[in-house]
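One structure is given below, encoded as structure tokens.
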Amino acid sequence: EKGSTFPSSASLCAVATDVSDTSGAGIMLNVGNEASGTLYSSDPVSAQIEELQFTLGEGPCIDAHNQGRPVLEPDLADPESARWVTFTPQAVEAGARALFGFPLTVGAIRLGALDLYRVRPGPLSGEHHADSLVIAGLIARTILSMQAEPVLGVHGAQGAPATQLESGANLRLVVHQ
């Protein structure tokens, strides 16, 4: 965004995809243990993966956020254990063969998860895993910084999502009566 000192969600996902040797990336935001929507998806497959996780309430981002640790599935078509019974066949049909979820945390603050997918099966190398942890930390800190440091013309009202966070996002608001 013009005048912004923060990287865009698109550029963060592009870097995540590059450093992890994956096909695409998505950023899911969570409130408590509930998914609140997708901040950004790098492509249609990533968007479908994020939508499936939000709708079904299962998948690597949900688990990574709730467990506070990376969740790695190197072969969705032949997993070691069937942990996402409804999600897995639909994610494979969407084009994902490997999925990796990394929690977005800063200290005790849990924001959501970075979701990386690959069109071919296989684990992340040690280097790609380490780089993915670093980029997940960078994304988490960037999200907090966007919200914490109002910049004239960049952020909305106090407590509202920063405009950089809203651009391209698919956030769902839940209203309780």
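In this text, all values refer to a predicted model and were calculated from it rather than measured experimentally. What you see below is based on every heavy atom in this structure, not just the backbone, and it leaves out hydrogens, waters and symmetry mates.
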Taking all non-hydrogen atoms of both residues into account, name the closest pair between [X] and [Y] and its distance.
X: A136; Y: L104; result: O-CD2, 3.3 Å
X: E58; Y: T86; result: OE2-N, 2.9 Å
X: L76; Y: T88; result: O-CG2, 3.3 Å
X: A64; Y: P103; result: O-CB, 3.4 Å
X: R110; Y: N66; result: NH1-O, 3.3 Å
X: A98; Y: P74; result: CB-O, 3.4 Å

Test your reading of the model: is there a side-chain donor-acceptor pair from Q53 to the backbone of C61, 3.5 Å cut-off?
yes
Does R141 reach the main-chain N or O of V106 with its side chain, forming a donor-acceptor pair under 3.5 Å?
no
Any side-chain heavy-atom pair from [X] and [Y] closer than 4.5 angstrom?
X: P60; Y: Y117; value: no
X: L12; Y: V15; value: no
X: H128; Y: V19; value: no

Hydrophobic cluster identity match, [X] and [Y], side-chain contacts under 4.5 Å:
X: F100; Y: L133; result: yes
X: W84; Y: M28; result: no
X: V71; Y: V85; result: no
X: F102; Y: V45; result: no
X: I27; Y: L124; result: yes

Kindly compute the distance separating CG (D115) from OG (S42), expressed to the nearest 0.5 Å.
9.5 Å
How many angstroms lie between atom CD of Q48 and atom CG of D43, to the nearest 0.5 angstrom?
11.0 Å
Testing L116, V92, T22, I49 one by one against L99 for a side chain to side chain contact (heavy atoms under 4.5 Å, CB included), which residue passes?
I49
Check the pair I143 / L39 against side chain to side chain contact (heavy atoms under 4.5 Å, CB included), numbers first and verdict last.
CA-CA 10 Å; I143 291 169; L39 180 59; 3.9 Å; yes
How far apart are the C-alpha atoms of T142 and S145, what are their side-chain angles, what is the distance that settles it, and do they pass the side chain to side chain contact (heavy atoms under 4.5 Å, CB included) test?
CA-CA 5 Å; T142 300; S145 294; 5.6 Å; no
Answer yes or no: does atom CD of Q67 have more than 12 heavy-atom neighbours from other residues, nucleotides or ligands under 6.0 Å?
yes
